[in-house]
Amino acid sequence: MRLSKFFVPTLKEIPNDAVVKSHILMLRSGMIKMISAGIYAFLPLGYRVIRKISEIIREEMNAIGGQEFHLPALNPKEIWEETNRVEAFGDTLFHVKNRDYVLAPTHEEIITYLARNVVKSYKDMPQIWYQIQTKFRNEPRPRSGVIRGRQFLMKDAYSLDSSWEGLDTAYDLHDKAYRKIFDRCGLKYFVVGASSGAMGGTGSEEFMVRSEAGEDTVAYCEHCGYAANVEVAVSNVSETGREQKSEDVKEISTPGVKSIDELCSFLKIKEDQCAKSRVYISEGKPVLVLMLGNEEVNETKLGKALGGNVRPAHPEELKELTGADAGSIGPIGFNGKIIADNRLTDANNLYSGANKNDFHLAGIDLKRDVKNITYSDLRNVQPGEKCIKCGNSLEVFSAIELGHIFKLGTKYSDSMNAKFLDENGKEQPIIMGSYGIGVERVMACYIEQHNDESGLVWDKTLAPFHVHLIGLNMKKDEIVQTCDKLYIEMNKKGIEVLYDDRVDAQAGFKFKDADLLGIPLQVIVGDKKLKENKVEVKIRKTGERFDVRIGELITRVEDELK
RNA sequence: CGGGGUGUGGCUCAGCCCGGUUAGAGCGCCUGGUUCGGGACCAGGAGGCCGGAGGUUCGAAUCCUCUCACCCCGACCA
């Protein structure tokens, strides 16, 4: 491709609206352009990368027996009503105004619709059906460029099986295929076991990439690979323990003291002598939650421990339930269920609120003074805590979800009545799995991991081109002739070449553009080297340069690209 | 949906507080010339109803009201 005829609007300056690295670089390198919040046009250069990623995905999906479909984005609303997901998706689902259609945010319904009354026998399975297509979600807040958009390219696969063992097999196949896909793409990723959320189902794994731009926070053990969302990651910190002698409970006047910090400095005590109280409402009933010191309540864990959803009590409710405002609430005299974090197990000589404004209690012994207290893991894992699997130190950081595989089971086949006859002639619901990859996220994550101060740094696999051929002064015939010749030869050899044949751009300008685009090899044709019948090769990743005789260039380029 | 911020030529921004020539700069773009291995130089030029609507005023990019768009934090997120 000749750059003079190729639409690559590179930007020297950082676009105002972009914040994360990948977004900035995709815009600056002329790969995408924003049309509206969360809606991007892929320009020719960017689309080449998308196609390379898609092709890798396609190869690995085909390798596990996947069959590629092309499914409609416009779906009749009534199909979605069968599974009750019009309501479940709520405002996230795009509705078409002038007909009863929705824009598909995912394709379980369509797949189940296709299978129903067609996949009728256990002999018709297993099946793996997939698509690489645009999906639509009315995200309340698109962000980070292509990472969270309102329309995005997704590979979604669905497995159909006649047995749970078959589902396990399909799930394992996808797990392995995903690892191959992300390995081939050159991504550093990790795998998190996760709850399957609104998709329903039993087992699930998320494929994640560490990134500042990530929306999930995970705890990760470099040593053994343990990884879990902090919402569920088990905390592994020792209990604060009991002191030998239990003091008597004693009321202390603490005027104006609200926070644990204030309490500690007012009484000159340490944080871990305090029990922080938070009141939640669970199933309509108040629950007092005690945390050691100033630790935050993990509401997901709390919900799990109490079996249901929880919400913090409103200020008015606090006053009504305890007689005090936030900051003066405590376990003694609290009328309702009391649950404490494991770290407080049987602790004594604690300070906490007195359920009376401007007073706290000292000498609280949870074992002696608080009957019916239960203990549970309610805190967030902190960096440096011991991994529950191997005991090494955990890291906590944010990450982007690239892919998600889960066992759906019969949720959709049940609600849409997709049944088959088993070996015994008995009717059974089809057992399904669902497996997604955010194609644009793969690209963004790759860029997050492969860039430097000059721009992008592609490996050959995903690079939009293999070689960036730069004619330095295209007003000189020898240079043009040499470049043209090399361009034709490389094309003939199947080497993908971007040829900077622009006449009006100066050398420095071309170099900066080339570094920004980050194509792995640069072949530089200039006056100086040409006199010795040589051209210069620069390896983008290392910055290394060397001269090569023109006659040997093709072989050398082929070697470098191996 | 809550909080914060920004809308001025294709891009990055100044001007706004304190209203008053013809609305500016750098980059980019067009013409001609010089340059030609790390985002060149000279000369000339095109391009803006200052996000939109209403209002205050003799006069509004600037003040007021409403509205739209976009960004960030939070809520939400298969």
Side-chain angles (χ1 to χ4, degrees), chain A residues 9-20 23-24 27-28 30 33-39 80 83 85 88-93 104-109 135-145 147-150 152 154 156 158 194-201 204 206 212-217 229 231 299 311-312 400-406 408 411-412 433-438 441 454-455 470-476 479 500 502-517 522-531 534-536 538 543 545 547:
Chain A
T10 56
L11 265 28
K12 191 155 94 175
E13 289 178 277
I14 297 173
N16 179 259
D17 285 344
V19 175
V20 304
H23 188 198
I24 291 171
L27 288 167
R28 284 196 56 212
K33 182 156 170 72
M34 184 172 92
I35 304 299
S36 173
I39 305 178
W80 284 76
T83 57
R85 285 174 108 203
F89 267 100
D91 198 44
T92 305
L93 187 66
T106 173
H107 280 83
E108 280 82 4
E109 277 76 2
K135 312 244 165 171
F136 301 84
R137 286 185 199 179
N138 185 21
E139 293 294 344
R141 190 185 151 203
R143 70 187 92 176
S144 307
I147 290 171
R148 178 167 290 274
R150 293 213 168 104
F152 49 93
M154 185 101 180
D156 253 341
Y158 305 90
S195 63
S196 38
M199 297 299 285
S204 96
E206 288 177 340
E212 300 273 318
E215 299 176 307
D216 294 290
T217 309
N229 201 299
E231 283 182 4
E299 295 182 5
R311 65 163 175 87
I400 296 172
E401 179 188 342
L402 274 183
H404 197 165
I405 59 177
F406 32 84
L408 288 175
K411 178 177 157 130
Y412 297 95
S434 168
Y435 318 88
I437 292 178
R441 282 187 177 182
S454 302
I470 304 171
L472 284 187
N473 185 344
M474 295 300 283
K475 284 177 183 150
K476 300 205 169 166
I479 292 179
D500 191 345
R502 291 174 297 181
V503 178
D504 47 356
Q506 288 201 243
F509 195 95
K510 293 190 174 193
F511 288 138
K512 291 286 184 190
D513 256 0
D515 288 346
L516 175 61
L517 299 191
Q522 296 174 11
V523 173
I524 302 158
V525 182
D527 252 348
K528 272 196 305 201
K529 305 286 164 69
L530 208 54
K531 285 190 183 120
K534 284 177 179 169
V535 296
E536 185 174 308
K538 174 178 164 182
R545 308 146 171 274
D547 298 343

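Scope of the values below: all heavy atoms of this structure, side chains included, with no hydrogens, waters or symmetry mates. Sequence lines set the chain letters: A, B, ... in the order given, protein chains first and strands last, and positions in each chain run from 1.
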If the condition is side-chain contact (heavy atoms from CB on, under 4.5 Å), which residues does [X] pass it with, not counting sequence neighbours?
{"X": "A/T83", "value": "A/R85, A/E109, A/Y412, A/S415, A/M416"}
{"X": "A/D547", "value": "A/K529, A/K534, A/E536"}
{"X": "A/F136", "value": "A/A73, A/F94, A/L103, A/T134, A/Q151"}
{"X": "A/K531", "value": "none"}

Run the ring pair (Phe, Tyr, Trp, His ring centres under 6.0 Å) test against A/H23 and tell me which residues pass, sequence neighbours left out.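 By the ring pair (Phe, Tyr, Trp, His ring centres under 6.0 Å) rule, A/H23 matches A/Y40.
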Set of residues satisfying ring pair (Phe, Tyr, Trp, His ring centres under 6.0 Å) with respect to A/Y435, sequence neighbours excluded: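 Scan of A/Y435 (ring pair (Phe, Tyr, Trp, His ring centres under 6.0 Å), adjacent residues dropped) gives A/H174.
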Check nucleotides 23-31 of chain B against the protein and report each pair of N or O atoms closer than 3.5 Å, with its distance, or say if there are none.
from	atom 1	to	atom 2	distance (Å)
B/G26	N2	A/E13	OE1	3.1

Which residues satisfy the side chain to side chain donor-acceptor pair (under 3.5 Å) test with [X], sequence neighbours excluded?
{"X": "A/D216", "result": "none"}
{"X": "A/K512", "result": "none"}
{"X": "A/S36", "result": "none"}

Suppose we define a pair by two distances each less than 3.5 Å, Watson-Crick or G-U wobble; what does B/C77 pair with here?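 Here B/C77 is not engaged in any pair, so there is no nucleotide opposite it.
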Nucleotides 69-73 of chain B: which of its N/O atoms have a protein N/O under 3.5 Å away?
from	atom 1	to	atom 2	distance (Å)
B/C70	OP1	A/S36	OG	2.9
B/C70	OP1	A/A37	N	3.0
B/C70	O2'	A/D17	OD1	3.2
B/C70	O2'	A/D17	OD2	2.6
B/C73	OP2	A/R141	NH2	2.2

Check nucleotides 34-36 of chain B against the protein and report each pair of N or O atoms closer than 3.5 Å, with its distance, or say if there are none.
from	atom 1	to	atom 2	distance (Å)
B/U35	O4	A/K475	NZ	2.8
B/C36	O2'	A/N473	ND2	3.0

B/G20 and B/U62, which share atom name C1', separated by this distance in whole Å: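 Here B/U62 and B/G20 have their C1' atoms 11 Å from each other.
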